Amino acid sequence: MKMPRGAYGIIEKLENHGYEAYIVGGCVRDMLLGREPEDWDITTSARPQEVKSLFRRTVDTGIEHGTVTVLVGDESYEVTTYRMDGVYEDHRHPKEVIFTPSLEEDLKRRDFTINAMAYSERTGLVDIFDGQRDLEQGIIRCVGEPGQRFGEDALRMLRGIRFAGQLLFTIEENTLNAIRELAPTLVNISAERIRVELTKLLVSDGADRIRLAYETGLSQYFLPEFDAMMTCEQNNPHHCYSVGEHTIRVVQEVNRLVRELGVNGTVSGKQRIALAFAALLHDAAKPVCRTTDEKGIDHFHGHDVRGEEMAGEILRRLKFDNDTRSLVKTLVRFHDARYGNSITYVGKENDGISPDEMDRMGETEDGTYIAYSSSGKRAMRRLMNKAGRKKMPLLFLLQRADILAQSSYKKEEKLTVLKAGERCYREICEAEEAVTLGELAITGGDLIAEKGYQSGPAIGEELKRLLELVMDDPSKNTREQLLAEVEHVTS
C-alpha cells in the first residue's frame, strides 16, 4: 500500500527515534478497497510532547486527547498517541483519555473492524479483528461487543448505517440488533453530528440504507417525519409505493441523475446536498395532508405548500445553513409544478392543432404528441419568477426523479411533458426574456426621473405590475414601451 510522501516521512522519523507509528483507520480501509483516502491519520506510541519535539511545524488540534497536527509543506496529518478511553457517561465522550504503549489497546476502542486496521511499511498490515475479511465479505461489524461500542458513542449506530450506504455493505446481525436495542440513546447526540452522517448517507450510492434507520427505530429520534412517511400508503393510480418507499427511490434517482446528467456538469457539492434533502423531504407533508375520497382514492392536496414549511423546520432542527434551507424549501414547494394546463398532450399529429398556435414537442410510444402554447410560456415565466431562474435545472432534475419513482400510470406522458417544460425554459433563457424586476428595461429611478414618482412603495408596486405585463408579452420589455405603459396608467 502506497502512502503519501508526507505520511511516510512522519512515520519514518518516529520509527527512527524509537517509536511505533502507523497510518490507521479509514485511510487503511480505503486503500484496501482501492479508493483514494480523503484523510491520512497516523497513530503512534509517542506522547504528544514527544511528537511536538520531533517536528518543526505542529498545531495542538486536540492535544488533551493525544492529537497533534503535523504540517508537511501544504499538507497536514493528525498524529495521535495510542490511547484507551475511560468510562463513557453520556454516550458521547469518555470521562478521561488514558495513553497506552499498546497498539492493540488503541485499535480495541475503535468502532468497526474495517476501521480498526493499521499499516506501516516496516510492519505491514496490522489486522487484529479481521477487518480485511469483513471488507472482502462486505460486512459492517463492531469491534468487540456491539452494545459496548454503541454505549460509548451513540453516533456510531448512524455511522454504521452510513458506512453500509457508502460501501454498499450489509450490517452484521449482532451489530444490527444492538442498534435496535440502543436506538433511544441517540438523543444524546447533537444535531450537527447527526446532520453530517445523514448527509453522507443520502448522497451515497447506497442511500436506500436509510431504510435501516427506520427498521431499527433509529430515525424516530432525529427524523420522525420519515417514520410517518414509511407508514403512509398511497392508494392512488400514480403511485405503487408507500410515501416512504417512494421517497427512498426518489433520493436514489436524484443521485443517479446527478452522476449521469449532472445538470450539464454544473451541480456544486452544496447543491447536490440540497437536492438529496429535497428528495428526502419533497413528500414529507403527505401523511398530514392525506384525504380519501368516496372511491377509496387517496389525495394529498396542499402537501407542497405544507411540505415547504416542514422542510424548513426539519432543516433548522438539523442546524443547516440558511442558503441550503432556502434552496430545499423552494424545490419542495415547486416539485409538483406542472406548468399549468398549457403544456399538455394534443393527440395524434394533425389532430386539429394549428402549427401557428402550438409547438409540438416529441412523440411518445403510442404516437401522440406533446405541445405548448404561448400560455405555456407565460406559465413557465411565472414559475421561473417564483422559483428562481437558476434553480430551475435543479427543479427539473428533482421532478424527473419524482416521476421515475412513481407507478407506470401516465409515466411516459409525464416525462414528455417535463421534456417540453425544459425546452420551454431554455427558449425563455435564450431569448433573455425578463422574469424578475432586475431584468426589466426600466428601474425605479426611471419612474422618478421620467414620471414624477416619489420614493416609496408605489414604485415597487408599479414595477411589479409592469413585470406582470412583460411576463405576458416579453416584446413589451423596452424602455419606450414600459414608460408608455406607466404614462397610460398614471395619466
Side-chain angles (χ1 to χ4, degrees), residues 266 270-271 274 278 285 302 304-313 315-316 320-343 372-396 398-399 421-422 424-491:
T266 61
K270 196 167 185 177
Q271 288 173 331
D304 48 356
V305 176
R306 181 70 183 98
E308 178 186 16
E309 298 171 1
M310 290 179 63
E313 295 164 1
L315 296 185
R316 184 176 294 107
F320 269 95
D321 61 276
N322 291 335
D323 288 344
T324 300
R325 286 207 307 269
S326 176
L327 177 53
V328 172
K329 287 172 62 178
T330 297
L331 295 175
V332 171
R333 171 64 181 85
F334 296 106
H335 80 273
D336 236 11
R338 294 295 182 261
Y339 329 119
N341 295 322
S342 48
I343 300 179
Y372 57 87
S373 64
S374 57
S375 62
K377 284 198 171 180
R378 287 198 296 270
M380 180 59 72
R381 292 185 202 104
R382 280 175 168 76
L383 178 59
M384 292 167 64
N385 171 263
K386 294 175 182 177
R389 183 190 294 269
K390 293 182 179 180
K391 296 176 183 177
M392 291 301 297
L394 303 177
L395 180 60
F396 290 139
L398 176 61
Q399 289 177 331
E422 290 173 318
C424 185
Y425 163 77
R426 289 195 300 271
E427 290 177 357
I428 291 170
C429 291
E430 290 167 1
E432 298 183 346
E433 295 173 0
V435 296
T436 67
L437 293 176
E439 294 166 349
L440 285 176
I442 64 172
T443 66
D446 293 316
L447 296 183
I448 293 172
E450 301 289 338
K451 296 298 179 181
Y453 272 69
Q454 301 296 315
S455 296
I459 291 178
E461 292 302 316
E462 179 62 7
L463 289 175
K464 290 178 183 177
R465 189 189 70 82
L466 293 173
L467 179 60
E468 289 294 323
L469 294 176
V470 167
M471 285 195 291
D472 281 340
D473 184 356
S475 67
K476 290 185 176 181
N477 192 30
T478 66
R479 177 181 171 82
E480 294 74 17
Q481 290 200 53
L482 292 180
L483 288 176
E485 287 287 346
V486 174
E487 183 175 38
H488 175 73
V489 170
T490 59
S491 59

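What you see is a predicted model, and the numbers here were worked out from it, not measured in a lab.
Considering only residues two or more places apart in sequence or on other chains, Lys476 meets the salt bridge (Lys or Arg N to Asp or Glu O under 4.0 Å) condition with Glu485. Under the rule for a side-chain hydrogen bond (donor to acceptor under 3.5 Å, both in side chains), the partners of Arg306 that lie at least two apart in sequence or sit in another chain are Glu309. Partners of Asp336 according to the salt bridge (Lys or Arg N to Asp or Glu O under 4.0 Å) rule, which considers only residues two or more places apart in sequence or in another chain, are Arg338. When the side-chain hydrogen bond (donor to acceptor under 3.5 Å, both in side chains) test is applied to Asn322, the partners found at least two apart in sequence or on another chain are Arg325. Arg479 is linked by a salt bridge (Lys or Arg N to Asp or Glu O under 4.0 Å) to Asp446, Glu450, counting only residues two or more places apart in sequence or in another chain. Under the rule for a ring-ring contact (aromatic ring centres under 6.0 Å, His included), Phe334 has no partner lying at least two apart in sequence or in another chain.
To the nearest 0.5 angstrom, Leu394 atom CG is 10.5 Å from Thr330 atom OG1. Atom NZ of residue Lys329 and atom CE of residue Met310 lie 13.5 Å apart, to the nearest 0.5 angstrom. Rounded to the nearest 0.5 angstrom, Leu467 CG and Asn385 CG are separated by 5.5 Å. Thr436 OG1 to Met471 CE: the interatomic distance, rounded to the nearest 0.5 Å, is 9.5 Å. Separation of atoms CG (Leu315) and OG1 (Thr324) is listed at 8.0 Å; rounding is to 0.5 Å. Interatomic distance, CG of Leu466 versus CG of Leu437, reported as 9.5 Å (0.5 Å rounding).
The pair Glu462-Lys451 does not meet the salt-bridge criterion, since no charged nitrogen lies less than 4.0 angstrom from a carboxylate oxygen.
Ala387 and Lys391 make their closest contact through O-CD, 3.1 Å (heavy atoms, listed as atom of the first residue, atom of the second, distance). Gly421 and Phe396 make their closest contact through O-CZ, 3.9 Å (heavy atoms, listed as atom of the first residue, atom of the second, distance). Scanning both residues, Ala278 and Val332, for their nearest heavy atoms gives O-CG2, 4.1 Å. Contact record, Gly307 with Ala285: N-CB, 3.5 Å, taken as the closest heavy-atom pair. Pairing each heavy atom of Met384 with each of Cys429, the nearest pair is CE-SG, 4.1 Å.
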Does the side-chain contact (heavy atoms from CB on, under 4.5 Å) test come out yes or no for Leu482 and Leu469, once each step is laid out?
CA-CA 9 Å; Leu482 292 180; Leu469 294 176; 5.7 Å; no
Quick one: do Glu422 and Met392 satisfy side-chain contact (heavy atoms from CB on, under 4.5 Å)? Show the steps, please.
CA-CA 9 Å; Glu422 290 173 318; Met392 291 301 297; over 6 Å; no
Checking side-chain contact (heavy atoms from CB on, under 4.5 Å) for the pair Phe320/Val328: CA distance, chi angles, key distance, verdict?
CA-CA 11 Å; Phe320 269 95; Val328 172; over 6 Å; no
Criterion side-chain hydrogen bond (donor to acceptor under 3.5 Å, both in side chains) on Asp323 and Ser326, from CA distance to verdict
CA-CA 5 Å; Asp323 288 344; Ser326 176; over 6 Å; no
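In this structure, the side chain of Gln399 engages the main chain of Ala337 through a donor-acceptor pair within 3.5 Å. No side-chain donor-acceptor contact under 3.5 Å links Tyr453 to the backbone of Gly445.
Annotation: side chain of Lys270 is in contact with side chain of Asp321 (closest heavy-atom distance under 4.5 Å).
A side-chain hydrogen bond (donor to acceptor under 3.5 Å, both in side chains) with Glu468 holds for exactly one of Arg382, Arg381, Arg378; it is Arg382. The side-chain hydrogen bond (donor to acceptor under 3.5 Å, both in side chains) test with Ser475 is passed by exactly one of Asp473, Asn477, Thr478: Asp473.
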